[in-house]
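Let me begin by presenting the structure, written as structure tokens, before commenting on it.
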Amino acid sequence: MTDRPLRILIVGASLRTGSYNVALARLAARRVGETGAEADLVPYAELAVPDYDADAERADGVPPAALAFRDRLRAADALIIAAPEYNHSIPGSLKNLIDWTSRIKPQPFWGGNGMLLSASPSLVGGNRGAWALRVPLEHLGMRVYPEMFSLAQAGQALTPEGEFVDSKLAGRFDTAIEGFLELVEATVRYADLKRRTSG
Ligand SMILES: Cc1cc2nc3c(=O)[nH]c(=O)nc-3n(C[C@H](O)[C@H](O)[C@H](O)COP(=O)(O)O)c2cc1C
């Protein structure tokens, strides 16, 4: 392990009461905690920003919620996003948040590690949305973990309390989260090692 616990920022990108993606984000936060890392599960309502407007940016700067997102990203070693698929792509609110946040210098996504989760009532589990989410994040220099977890038929796959119905699927989810955390740990340890051995 690292000298300190890993810290993972987790976003469930839906405002809906009973959101499947927020449920998945909670399950990710719990698994992160069980591994000894710290989870910062941010309520999506706290990340609400107005529509991007270059004039507003020039007049007032980046909105406080995007700055707060940047602060939480900076305090974290990695980002996990569980996002719905809207029309085979990502929710407009999430893209808008990414766009505003990308205006901050230094650009907050650059060099970070990210993992994408999705949940949907469909048989595909919102996986096309997750693929679409890779595009802006990878463009911004985030290393997006190759494995994505997409929960199909989320209404049946989760209990009303937000637990996995199928223990095998729960195991697959945990393994995916752990694989990502191992990569994050390797990244953090390598950076620590380089810092200690240089000069
Ligand atoms: C505008 C809109 C577009 C949608 N498009 C898709 C879609 O392309 N694929 C899909 O699987 N579900 C689609 N859905 C259904 C969402 O997956 C479903 O509402 C899901 O519950 C949203 O995630 P949440 O439970 O985390 O809020 C769409 C829903 C909305 C409101």
Side-chain angles (χ1 to χ4, degrees), residues 8-34 39-53 63 65-66 68-69 72-73 76 78-101 109 112-139 142 144-177 180-181:
I8 313 295
L9 178 61
I10 304 176
V11 177
S14 172
L15 295 169
R16 190 175 76 83
T17 309
S19 157
Y20 302 131
N21 287 280
V22 171
L24 212 52
R26 284 204 193 101
L27 290 169
R30 186 172 73 192
R31 191 65 203 148
V32 163
E34 285 166 354
D40 176 18
L41 181 60
V42 55
Y44 197 50
E46 289 183 20
L47 301 177
V49 284
D51 286 348
Y52 178 76
D53 175 348
F69 186 43
R72 288 171 103 141
L73 271 171
L79 170 68
I80 295 178
I81 303 181
E85 173 180 284
Y86 286 172
N87 297 316
H88 289 206
S89 189
I90 65 175
S93 62
L94 181 58
K95 179 64 165 48
N96 190 43
L97 173 68
I98 293 169
D99 290 343
W100 267 118
T101 308
F109 297 100
N113 283 300
M115 183 182 190
L116 307 181
L117 316 174
S118 65
S120 151
S122 85
L123 287 172
V124 189
N127 188 250
R128 293 157 300 207
W131 276 106
L133 182 50
R134 298 187 83 90
V135 174
L137 293 178
E138 290 189 345
H139 160 73
M142 184 160 252
V144 182
Y145 193 54
E147 187 176 352
M148 302 182 281
F149 185 94
S150 294
L151 183 65
Q153 298 186 302
Q156 292 90 63
L158 295 172
T159 67
E161 294 75 34
E163 300 288 339
F164 284 106
V165 169
D166 179 0
S167 60
K168 268 200 204 134
L169 198 54
R172 241 194 68 214
F173 178 78
D174 288 351
T175 303
I177 298 287
F180 175 60
L181 293 182

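Just so you know, these numbers come straight off a predicted model, no measurement behind them. As a basis for the values below, the full set of heavy atoms in this structure was taken, side chains included, without hydrogen atoms, waters or symmetry mates. Every number for a ligand or one of its atoms is a count from 1 in the order of the listing.
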For atom 21 (O) of ligand 1, closest protein heavy-atom neighbour: Y20 CD1, 3.5 Å
Polar contact flag for Y86 and ligand 1 (N/O pairs, less than 3.5 Å): no
Distance, nearest 0.5 Å, that separates CG of L94 from CG of N21: 10.0 Å
Part of H88 with heavy atoms under 4.0 Å of ligand 1, whether side chain, backbone, both or neither: both
Expected output: side-chain R26 to main-chain E163 donor-acceptor under 3.5 Å: no
Shortest non-hydrogen contact from F180 toward I80: CE2-CG1, 3.8 Å
Selected option - heavy-atom contact closest to atom 10 (C) of ligand 1, from E85, R128, R16: E85
Exercise: identify the closest heavy-atom pair between A152 and L123: CB-O, 3.3 Å
Gap between atom CG of L181 and atom CD1 of I8 - 0.5 Å precision: 5.0 Å
Whether F173 and F164 hold their rings parallel, tilted or perpendicular, with breakpoints at 30° and 60°: tilted
Residue pair S14 / Y44: nearest heavy atoms and the distance that separates them: N-CD2, 3.5 Å
Minimum-distance protein heavy atom relative to atom 26 (O) of ligand 1: S19 OG, 2.6 Å
Atom 22 (C) of ligand 1 [closest protein heavy-atom partner, distance rounded to 0.1 Å]: P84 CB, 3.8 Å
Residue and atom name of the nearest protein heavy atom (relative to atom 11 (O) of ligand 1), distance in Å to one decimal: S120 OG, 2.6 Å
Which residue and heavy atom of the protein sit nearest atom 23 (O) of ligand 1, plus the separation: N21 ND2, 3.2 Å
Heavy-atom nearest option to atom 3 (C) of ligand 1, drawn from N127, N87, V124: N87
Any non-hydrogen protein atom less than 4.0 Å away from atom 19 (O) of ligand 1: no
Nearest candidate to atom 17 (O) of ligand 1, where distance is taken over non-hydrogen atoms, out of G126, G125, P121: P121
Ligand 1 contact on S14 by region, counting heavy-atom pairs under 4.0 Å: side chain
I177, D174, V22, L158 screened by side chain to side chain contact (heavy atoms under 4.5 Å, CB included) with L27, the one that passes: L158
